[in-house]
Number of protein chains: 2
Amino acid sequence: LLADDQRDRIDVVLVSPRNPLNIGAAARAMANFGFTRLSVVDPYEPHWREAKSAIGAEDLLQNARRTQTLKDAVADCTLVLGTGTLAHRKPEQPVIPLPLLAPFIREKEKSARVALVFGPEKRGLTREDLALCHLLVEIPTHPRQPSMNLGQAVAVCLYQLSTRSTSITQGLGGPGPDSGTRDRAESPDPPATSRDLDLLVQVIEKTMAAVNYSASIMRNANHHDLHLIVRRLALTHRDVPRILGLFRRILWQFEHRAGSR
Amino acid sequence: LLADDQRDRIDVVLVSPRNPLNIGAAARAMANFGFTRLSVVDPYEPHWREAKSAIGAEDLLQNARRTQTLKDAVADCTLVLGTGTLAHRKPEQPVIPLPLLAPFIREKEKSARVALVFGPEKRGLTREDLALCHLLVEIPTHPRQPSMNLGQAVAVCLYQLSTRSTSITQGLGGPGPDSGTRDRAESPDPPATSRDLDLLVQVIEKTMAAVNYSASIMRNANHHDLHLIVRRLALTHRDVPRILGLFRRILWQFEHRAGSR
């Protein structure tokens with residue numbers, strides 16, 4: 001059971017939802033389970049804030065944040081969770097089954113800001129969307145019919161997060177941001193935000209290009225992998241300026257030397 | 001985690017649903033979580049079987065059973081579970097929180113047939129509907145906005161039933177059909193069906209009327225309580241003819257004596 005103040009640090013993020021009724025249904029489920037922070041990324045229909053399905057969640061929908069990109073929506077978050085089924089793809093991130101998500105979030109530091117990201121109705125989250133996620137949350141649907149309705153998927157996830165689950169203390173038993181050697185409980189240093197990580201990727205890529213690290217034909221693939229990698233590292237807020245500093249130094253050195261040649 | 005054969009003994013029953021899109025959404029959630037048996041009681045809209053929202057569940061919707069009354073829909077069931085929130089009423093039945101439902105059903109005998117009953121969109125299950133239920137399943141929604149969308153409520157319940165839950169072996173700690181002294185594990189006698197119990201109520205009421213047990217003004221209240229009581233008794237299949245026999249004997253005696261007076 002997440003306390004109210006823990007629910008307040010969870011953002012529900014809907015990426016490119018097509019049907020406003022689904023946005024309203026997601027808002028209704030949020031109200032049902034006590035969540036308040038909704039972000040809508042690049043919605044298809046301009047009048048989504050008037051969705052009739054947001055029963056009891058009209059204010060929530062009015063106050064929802066609208067962003068143009070997923071990157072903007074999760075910029076302030078320190079843990080970004082993509083949702084979906086694994087029926088048709090091999091995941092590139094660590095996967096956590098939905099029933100284990102609440103104890104996992106509860107163990108995070110109080111300063112953690114969590115985004116729970118849902119893809120559009122037909123296709124779910126793209127590979128590019130997922131590259132912005134630290135973890136994949138798997139909703140355990142039946143292999144014969146894995147694809148859920150958006151509003152129902154939101155309801156199921158928030159139900160699971162808000163409900164009492166018997167304590168699972170043995171941990172996840174798999175790879176994840178916290179499975180490294182660093183013990184977060186001992187560290188007063190909060191995790192890096194998505195904005196930090198995006199900046200880091202940008203500077204690293206600039207460095208890679210400057211040093212001709214990869215053929216231009218490989219750049220898209222590297223870009224994608226780089227997003228995944230920086231999220232797997234469980235960087236803290238304080239790590240980022242250090243690493244940025246290093247790469248900026250490399251860049252400066254390289255440009256300086258190139259100029260002096 | 002309910003095995004597939006356990007899911008096959010669970011009927012999803014929708015009482016007087018108004019919006020066919022919600023019926024389709026319920027069917028879709030059933031397909032998502034591997035359930036197949038849908039009953040629709042007295043639907044508002046005649047063309048509900050064509051609901052567009054039943055993505056991946058078109059066959060399930062075509063094969064759904066339609067009945068005129070809830071009583072007919074649950075006639076063959078041995079455990080009838082009403083769903084809802086407890087925000088606006090004091091329950092007359094034992095209540096089980098949704099997170100405990102899967103272990104509870106798993107502990108039932110293999111012969112148990114379970115109905116999971118959902119009320120109509122606006123008002124939920126009526127007091128009369130609930131009188132046909134052995135137990136109430138509480139979906140733990142927020143007190144400020146307890147009322148869920150029908151399709152979302154079905155999704156949340158079936159998710160909880162189909163998902164792994166850590167074992168809860170200490171039992172329910174509250175009253176319920178199995179909390180009496182009879183140990184079901186030792187009994188090869190299956191529980192009574194709803195049809196049995198309805199017949200029993202009918203014969204008992206006839207007896208009550210015949211013996212002028214209650215003023216006619218009290219009959220509706222007694223009818224309601226009687227439904228609740230026979231469901232609380234955890235009668236077995238073999239109990240019913242015995243009790244029926246007794247009441248029929250009383251009736252016969254009374255009519256015989258009345259005639260001979």
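Given the structure is predicted, the values throughout are model-derived calculations rather than measurements. First the proteins, then the strands, lettered A, B, ... as listed; each starts at 1. The figures here come from the full heavy-atom set of this structure, side chains too, leaving out hydrogens, waters and symmetry mates.
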- Item | Where A/Gly151 and B/Gln152 come nearest, the two heavy atoms and their spacing | O-NE2, 2.8 Å

- Under a 4.5 Å heavy-atom cut-off, does chain A meet the side chain of B/Ala26, its backbone, both or neither? backbone

- Message: Less than 4.5 Å to any heavy atom of chain B: does that hold for the side chain of A/Ser147, its backbone, both, or neither?
- Response: both

- Message: Rounded at 0.5 Å granularity, tell me how far CZ in A/Arg28 sits from CD in B/Gln145.
- Response: 6.5 Å

- Message: Measuring only between side-chain heavy atoms, which start at C-beta, is A/Tyr159 closer than 4.5 Å to B/Cys157?
- Response: no

- Contact origin within A/Leu98 toward chain B - heavy atom pairs under 4.5 Å: both

- Message: I need the minimum non-hydrogen distance between A/Gly34 and B/His142, along with the two atoms involved.
- Response: CA-CD2, 3.5 Å

- Looking only at B/Leu21, B/Leu158, B/Asn32, the option with the highest number of non-hydrogen pairs under 4.5 Å against chain A is B/Asn32

- Note on the structure: Heavy atoms of A/Pro140 and B/Thr163 approach each other most closely as CG-OG1, 3.7 Å

